[in-house]
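Taking it in order: structure first as structure tokens, then the write-up.
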Amino acid sequence: MKKGDHLFLVDGSGYIFRAYHGLPPLTRKSDGLPVGAVAGFCNMLWKLMVSARDTEVGVTPSHFAVIFDYSSKTFRNELYDQYKANRSAPPEDLVPQFGLIRDATRAFELPCIEIEGFEADDLIATYCRLATEAGGDTTIISSDKDLMQLVSPSVSMYDPMKDREIREPEVIEKWGVPPAKMIDLQALTGDSIDNVPGVPGIGPKTAAQLLEEYGDLDTLLERAGKIKQQKRREVIIANADKARLSRELVRLRTDVPVPETLDELVLHPLNGPKLISFLKAMEFTALTRRVADKTDTDLASVGKAKVEVETGAEAHGPDLDTGEPRPAPDKDTSFPGDRAGKVEGKTPQDLANKRIEEAANSKIDTSAYVTIRDADTLKEWIERAKDIGYVAFDTETTSLDPMQAELCGFSLCSEPGVAAYVPLIHKSGTGDLLGGGLAPDQIDTRTALDLLKPLLEDPSVLKIAQNLKYDLVVMNRYGIDVRPFDDTMLISYVLDAGKGGHGMDVLAERWLGHRTIQFKDVAGTGKAKTTFDYVPIDRATEYAAEDADVTLRLWRALKPRLVADGVVAVYERLERPLVPVLAQMEQRGISVDRQTLSRISGELAQKAAALEDEIYELAGEKFSIGSPKQLGDILFGRMMLPGGSKTKTGQWSTSVFVLEELAAEGHELPRKIVDWRQLTKLKSTYTDALPEYIHPETKRVHTSFALAATTTGRLSSSEPNLQNIPIRTSEGRRIRTAFVAEPGNKLISADYSQIELRLLAHIADIPELKHAFENGLDIHAATAAEMFGLDVEKVPTDVRRQAKTINFGIIYGISAFGLATRLGISREEAGDYIKRYFDRFPGIRNYIEGTKKRARDRLYVETIFGRRAYYPEIKASNPQTRAFNERAAINAPIQGSAADIIRRAMIRMDDALKQEKLGARMLLQVHDELIFEAPEKEVDETIRIVRAVMEDAAMPAVSLSVPLQVDARAADNWDEAH
DNA sequence: GTCCGACCGTA
DNA sequence: TTACGGTCGGACG
């Protein structure tokens, strides 16, 4: 936000009550749902968004947000437990409208902001401050006197019902004091509605007069004894404390940790279809037509949105007539933006709890599922899904690899227990004999997909899947996109990272108390294993439809927890948008040169064979060199070499560390074993394995990125793992030369320099480290210089090496023991180093102690973007377990914040490249590095864009106090590009 | 056939 | 001292 920008802040909660009382009563939808306040609200938003210039405000907003009260409990209740205590429950026909107004806000695609523990007014105050500091102007859409304290030259208020702007003169006219004195005025007068005590008998007139005379509340209370009127004097002296308390109650907080930065409040163009589908559902015909005209939307092409209404009655538990648990509403919002469904007395936590209980108590009957065998029935199911507005979807295929998988069928479920499987290419017979022809009564694949595509791509129907990325890759290969979507695996990951797995089987067990049918139970195992198209259709239906049913139930159980736990933004901004990005990267794959690998493999084989002969010679016998057990027996048993150590299972350790020690003492054999291990490792894990992954059609290697595999938020890569391709040794690096660009293209590697240390400097707030990064110093040398009082330029190399080890140690949750092992020094010396480090950088100790305490208090730690990582064993009685969890908890915010930053860069990257009309494709992510393939002629421009996106990736959500630096290079292969 | 530990490749 | 995944040998059924 900058000078000249204009922020509109709508006091959503205030508006609801105002509209309810100020508008014609009882506007109802055809089904009886009261929507008067919603109607007024929508009309107001519409007016402000398209024609604010024509109102008394007279300006067009550049930024816009709607602010709500989160719940009635706030920090003010801690100041004064009677605050707002005599508020009565809202009128019955207003209750369902609370959620609808949030839905309306989202339909307008406006930020809908609420924070636990704060009133809307505090958020508004905070945003006013931020906007003013940024040089912008603000208009608060409200006429609430509680907000008048905020009026200033850059902040005005606007009463939408009277089309009246409120500035300083209006405040003085109404209250007799300028905005700056409103706090003191309210402290004296109190507020019977909010139960702010004030001074009894002092009303606005008297208060204004007193403030006029004494200037402010403090002066007035100080000199209260001089008040001439006896009664007034006595009452003010007697109630001075109440006045002071009242002042704290009415003073708005301007330091609320608001989730959205100003820049995220930028007003976007209207999404016509989305808004219209909501307005249609609300039956606001006049406004619907106006919106259609203005946004050039074809009214007929837009369906009605599905809107869930949480009524107050639901909060009261079982149905009073039957005693049965009330059926949960079978509708949910079709806006993935989501909302709490919250009404007074019914918090997001209440809804989440209710849903979890509902899930745990439901029974799953796999025999009730339907097999769809004809197009007409499929059409009916699709129509039903459209009506309901969401559908759980799952594919069944011939392979776990989505790039090879052939679609066997798919399942749908829009209502718990009501699920169907659509078989497409199932075979009759086992397939072993007679080849197994196509089983009868299956819809032709093309016909079925032509019917399915409009559903999967329908913007008003939410598709719900477990691990959607898999299905997305498969469906993309059949020419179908899937959006919008929710992913139960990712929801679980955001909620419960660190508490266990997020696969459907474990989630079903955890939340539904249900054991799902296992794939191996239907497809067999080992030699008898078949692909899914050979599973008999009735058995396939049970298995596949159950998956969709379970997915839907998990979604119902877990989705509300995102709001209750305050992690909606993590899910919506860091998790969900990455799914299509990764799906594309996986589909693109990377080109790996088979000949290069084959040549290296041959050389490795020769060298290894030569070493083997020498090893047998030295050992005096042939043995399995790759067997640590046999090797240990030879080295420490037969040859009686010294200095052996044991692993935790009592075996001799033959780790590199042990072998290197022996080699240093002059033994020949251990050296050769180390070399042999390196060669065979490279051969078996890389040069021999990688070619097996070259796709027969694309001729490229397609890894799979797991989004929900780590506790910290990092991705992982498998089949093949392209995040552990060798780089440290020259022999290993040769493997990277096999990763190449297509002719006419280059590979670009862009990596964050020292991102974790930079984040440590930011998070722990270490001025010396920040300074070093700002000035582009060698960070490890600078650390050494700071620790030992040296000149940065003159740090000896091995002192620098030690400082580097300590720096990494800090990030990993250092211990004297670990550092000693690493540096090969005594525990005491290592302890001294750590102490010296902490003394030089006291912020580090604070960070470590603070993080451990938070982890113990809450069982989780979080990244700078609010991603949580749970450490449920942080309080284990076993000191080793506890210490391990503490170190992991210290590491997680740093590693996780870095992971979040590169995720943000990846999410933005494709758009940024497209905007510059660049043909670059993002192929791989290796934790702090992104690999692209780009047309040769566009390399320089691509690097420019890539660096900009990566370096600014934390913004605007988090403004780092340390610059991020990205190094990027282009070459024909990965080795030279890195 | 399946599981686990040791080892080792990456950030 | 953090976070992963793959390969191997060896034990178990």
Side-chain angles (χ1 to χ4, degrees), chain A residues 497-498 520 524-529 623-632 646-659 673-674 677-690 692-693 703-706 709-729 731-733 735-736 751-757 760 805-823 830 834 848 861 869 871 883-896 898-899 902 924-930 974 978:
Chain A
K520 61 171 189 258
T525 171
K527 217 166 138 65
K529 185 171 167 180
F623 66 103
S624 196
I625 308 172
S627 162
K629 185 169 141 57
Q630 293 182 33
L631 178 62
K646 298 283 183 76
T647 68
K648 62 175 173 234
T649 52
Q651 290 284 320
W652 290 108
S653 168
T654 65
S655 66
V656 178
F657 181 78
V658 171
L659 297 181
I673 301 280
V674 170
R677 276 199 186 152
Q678 199 207 352
L679 298 175
T680 53
K681 169 92 178 176
L682 293 176
K683 185 169 183 295
S684 65
T685 309
Y686 301 104
T687 61
D688 291 353
L690 279 173
E692 302 293 314
Y693 287 100
T703 183
S704 172
F705 288 107
T710 71
T711 309
T712 54
R714 273 193 176 180
L715 303 180
S716 76
S717 158
S718 64
E719 295 177 289
N721 181 353
L722 295 185
Q723 290 180 325
N724 72 344
I725 303 302
I727 192 167
R728 287 176 197 189
T729 66
E731 200 74 53
R733 288 183 78 111
I735 290 161
R736 293 198 167 214
D751 67 293
Y752 284 106
S753 162
Q754 307 285 7
I755 188 169
E756 293 192 352
L757 275 175
L760 175 71
T805 305
I806 299 172
N807 272 336
F808 279 101
I810 297 294
I811 292 173
Y812 296 153
I814 202 159
S815 74
F817 179 84
L819 185 63
T821 318
R822 267 274 152 152
L823 288 178
I834 294 171
I848 290 175
V861 294
Y871 293 93
F884 175 75
N885 278 274
E886 285 175 356
R887 292 194 297 270
I890 290 163
N891 174 252
I894 302 168
Q895 186 184 117
I902 198 167
L924 299 177
Q925 187 249 43
V926 192
H927 309 308
D928 67 357
E929 174 189 15
L930 293 174
W974 192 3
H978 189 84

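Just so it is clear, the structure is predicted and the values come from calculations on it, not from any experiment.
Residue A:Thr649 places at least one side-chain N or O under 4.0 Å from the OP1 or OP2 atom of B:dA6. Proximity of A:Arg714 to the phosphate of B:dA11: no side-chain N or O atom is located under 4.0 Å from OP1 or OP2. Between A:Thr525 and the phosphate of B:dT2, there is a side-chain N or O to OP1/OP2 separation shorter than 4.0 Å. OP1 or OP2 of B:dA6 has at least one side-chain nitrogen or oxygen of A:Thr647 nearer than 4.0 Å. Using a 4.0 Å cut-off, no side-chain N or O of A:Arg728 falls inside it from OP1 or OP2 of B:dG9. Using a 4.0 Å cut-off, no side-chain N or O of A:Thr805 falls inside it from OP1 or OP2 of C:dT1. One finds a side-chain N or O of A:Thr711 lying less than 4.0 angstrom from the OP1 or OP2 phosphate oxygen of C:dC4. When the side-chain nitrogen and oxygen atoms of A:Gln630 are compared with OP1 and OP2 of C:dG10, one or more of them lie within a distance under 4.0 Å.
Between A:His978 and A:Val926 the shortest side-chain heavy-atom distance does not fall below 4.5 Å. Taking the side chain as every heavy atom from C-beta outward, A:Arg887 and A:Tyr812 never approach each other to under 4.5 Å.
A:Phe817 comes within contact range of the sugar-phosphate backbone alone, with a heavy-atom separation under 4.0 Å but no base atom that close. Among the atoms of the strands shown, only primed sugar atoms or phosphate atoms (P, OP1, OP2) are found under 4.0 Å from some heavy atom of A:Ile727. Using a 4.0 Å heavy-atom criterion, one finds that A:Glu719 contacts the sugar-phosphate atoms exclusively. Residue A:Ala689 is classed as a sugar-phosphate contact, given heavy-atom separations below 4.0 Å to backbone atoms only. Using a 4.0 Å heavy-atom cutoff across all strands shown, A:Phe623 reaches no nucleic acid atom at all. Using a 4.0 Å heavy-atom cutoff across all strands shown, A:Gly809 reaches at least one base atom of the nucleic acid.
When all heavy atoms are compared, the tightest approach of A:Arg733 to A:Ile727 is CG-O, 3.0 Å. Nearest heavy-atom pair across A:Thr711 and A:Ala869 is O-CB, 3.4 Å.
Between the CD1 atom of A:Ile735 and the P atom of B:dG9 there is a distance of 10 Å, rounded to whole Å. One atom, NZ of A:Lys646, and another, P of B:dC7, lie 13 Å apart when rounded to the nearest Å. Rounded to whole Å, the distance from CG on A:Leu682 to C1' on C:dG6 is 13 Å. Atom CG in A:Asn885 sits about 9 Å away from atom P in C:dA3, given to the nearest Å. The distance from atom OH of A:Tyr812 to atom C1' of C:dT2 is 6 Å, rounded to the nearest whole Å. Here the P atom of nucleotide C:dA3 and the CD atom of A:Glu929 are 22 Å apart, to the nearest Å. Straight-line distance from the CD atom of A:Glu756 to the P atom of C:dA3: 11 Å, rounded to whole Å. Per the geometry, CG belonging to A:Leu690 stands 11 Å off P belonging to C:dG6, to the nearest Å.
Side chain of A:Thr685 to main chain of A:Leu682: no donor-acceptor pair is present (N/O by atom type, distance under 3.5 Å, no hydrogens or angles). For A:Ser717 (side chain) and A:Leu722 (main-chain N/O), a donor-acceptor pair under 3.5 Å exists by modelled atom type.
The side chain of A:Ser716 lies closest to C:dC4, out of C:dG10, C:dC4, B:dT10. Considering only the side chain of A:Arg677, B:dC7 comes nearest among C:dG9, B:dC7, B:dA11. Listed nucleotides: C:dT2, B:dA11, C:dG10. Nearest to the side chain of A:Lys629: C:dG10. The side chain of A:Val926 lies closest to B:dA11, out of C:dG5, B:dA11, C:dA3. The side chain of A:Arg887 approaches C:dT1 more closely than any other nucleotide in the set C:dT1, B:dC8, C:dG5. Of all nucleotides listed (C:dA11, C:dT1, C:dG6), C:dT1 comes nearest to the side chain of A:Leu819. Distances were taken from every side-chain heavy atom of A:Asp928 (C-beta onward) to each of B:dA11, C:dC8, B:dG9; the shortest belongs to B:dA11. Nearest to the side-chain atoms of A:Asn891 among the listed nucleotides B:dG9, C:dG10, C:dA3 stands C:dA3. For A:His927, the listed nucleotide lying nearest its side chain is B:dA11; candidates were B:dA11, C:dT1, B:dG9.
Between the side chain of A:Asn721 and the base of C:dG5 there is no donor-acceptor pair of N/O atoms closer than 3.5 Å.
Here the NZ atom belonging to A:Lys681 is positioned 15.5 Å from the CD atom belonging to A:Glu731, to the nearest 0.5 angstrom.
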